[in-house]
Each structure stands twice: as C-alpha cells, then as structure tokens.
Amino acid sequence: MTLIKRVGKALAVIVVVSAVSSFASHQYVNYVEKQRPVVTLAKHPKKVLFFYRDDCADCQAIFHQIYWHNAISYNIILINMNQPQNRHYIQKYQLTSVPTLIHGKQRYSGTNQQRIKQIVGD
C-alpha cells in the first residue's frame with residue numbers, strides 16, 4: 001500500500017471518529033439540558049447561577065456554550081426552572097425571564113455572547 005493510501009485511510013478514520021465523538025457529545029449535552037434536578041444554592045455561594053428552561057429556544061441557543069464553559073471551569077450552577085421545586089428561586093432572585101445569569105451583583109438575561117462571557121468569566 002502506498003503512503004498516500006495509508007495517510008488517506010488514517011485521515012478517513014480520524015474524520016469518522018471525530019464526527020461520531022462530536023455527535024455523541026452534542027447528544028450528551030442535550031441530555032443534561034433536559035435533566036430537572038432539584039438545586040440547593042446554599043451549597044454554592046460564589047458560583048454563577050444559570051436559570052433556564054429546557055423548552056426555551058433562547059436557553060437552548062446558549063446552553064452548549066454555558067455547559068462547555070462549566071465543564072472546564074466548574075463555576076456555573078445549572079438551574080432548570082421546569083423543575084417545580086426550583087421555582088421558588090423566581091421570587092428569591094426576582095426572575096422575569098430566562099435565560100438569566102447571576103454572578104454576585106452582575107445579572108444578565110438574554111443570549112448576547114459577549115455579555116455571557118463577561119458574567120461567566122471567559
């Protein structure tokens with residue numbers, strides 16, 4: 001087998017493995033987004049709070065960015081507001097819309113990538 005054929009096969013394998021890995025990681029993040037755990041914030045006083053709903057298009061648009069940032073820095077608490085036991089945070093944090101990020105006195109509701117990076121610390 002010539003060198004070009006070997007390199008071509010190796011590249012094809014790399015492309016296929018990359019595509020499968022990307023698809024699997026995308027599916028996993030979507031799975032995490034749909035989870036509805038009960039969140040206790042007293043355990044996480046200095047973290048960024050990310051309030052979202054798994055059926056919200058704007059929330060879905062930024063969820064992957066938030067998830068992957070958190071996978072690296074581990075400084076974000078994901079709070080799905082479709083979990084009935086998390087809804088008491090609406091009043092506590094005076095939430096009027098989702099997605100909302102809160103970090104200390106900083107607060108942002110929306111999907112602007114630059115503002116999100118400012119809040120989460122990118």
Side-chain angles (χ1 to χ4, degrees):
M1 193 181 301
T2 67
L3 179 62
I4 293 174
K5 286 184 180 179
R6 285 187 208 161
V7 170
K9 284 185 179 185
L11 287 175
V13 167
I14 290 170
V15 167
V16 168
V17 168
S18 295
V20 169
S21 296
S22 294
F23 178 76
S25 66
H26 180 79
Q27 292 301 324
Y28 177 73
V29 174
N30 286 342
Y31 166 78
V32 170
E33 180 182 14
K34 301 298 181 202
Q35 297 301 300
R36 296 181 179 179
V38 176
V39 177
T40 304
L41 294 181
K43 299 177 186 176
H44 313 285
K46 300 201 182 218
K47 297 205 177 198
V48 176
L49 307 178
F50 176 52
F51 296 96
Y52 73 99
R53 283 191 352 246
D54 58 65
D55 58 355
C56 161
D58 285 343
C59 301
Q60 291 169 355
I62 65 169
F63 190 87
H64 282 254
Q65 174 190 0
I66 300 292
Y67 177 84
W68 288 114
H69 174 84
N70 193 47
I72 294 168
S73 65
Y74 200 66
N75 70 334
I76 302 171
I77 305 300
L78 307 172
I79 306 159
N80 189 340
M81 298 309 290
N82 281 337
Q83 165 55 258
Q85 294 182 41
N86 290 339
R87 291 195 184 137
H88 67 279
Y89 294 123
I90 294 170
Q91 186 173 18
K92 180 175 182 179
Y93 290 96
Q94 300 173 348
L95 300 174
T96 58
S97 65
V98 288
T100 296
L101 292 141
I102 298 174
H103 188 218
K105 296 203 182 276
Q106 296 181 73
R107 176 186 203 98
Y108 176 67
S109 294
T111 60
N112 181 286
Q113 300 291 320
Q114 293 301 87
R115 289 287 291 132
I116 292 168
K117 287 179 182 179
Q118 288 173 348
I119 300 284
V120 300
D122 260 357

Decide yes or no for [X] and [Y]: does some side-chain heavy atom of the first lie under 4.5 Å from some side-chain heavy atom of the second?
X	Y	result
Leu95	Arg107	yes
Phe50	Ile62	yes
Phe63	Leu78	yes
Lys47	Tyr74	yes

More than 12 non-hydrogen atoms from neighbouring residues, nucleotides or ligands closer than 6.0 Å to CG on Leu11, yes or no?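 For Leu11, atom CG is crowded (more than 12 foreign heavy atoms under 6.0 Å).
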
Give every residue pair that meets the side chain to side chain donor-acceptor pair (under 3.5 Å) criterion with at least one member in residues 88-97, sequence neighbours excluded.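 Found none.
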
Distance (rounded to the nearest 0.5 Å) between Asp54 CG and Gln60 CD: 7.5 Å

Once rounded to the nearest 0.5 Å, what's the spacing between atom NE2 of His103 and atom CD of Gln118? 13.0 Å

Taking only residues two or more places apart in sequence or in another chain, which ones pass side-chain contact (heavy atoms from CB on, under 4.5 Å) with Asn75?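 If we apply the side-chain contact (heavy atoms from CB on, under 4.5 Å) test to Asn75, skipping adjacent residues, the hits are Val48, His69, Asn70, Ser73.
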
What heavy-atom pair brings Thr111 and Pro99 nearest, and what distance separates the two atoms? CG2-CG, 4.4 Å

Treating Asn82 as the side-chain partner and Arg53 as the backbone partner, does any N or O pair qualify as donor plus acceptor under 3.5 Å?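 Checking the backbone N and O of Arg53 against the side chain of Asn82, no donor-acceptor pair under 3.5 Å is found.
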
Identified side chain to side chain contact (heavy atoms under 4.5 Å, CB included) partner of Ile119 from the options Leu101, Thr100, Leu49: Leu101

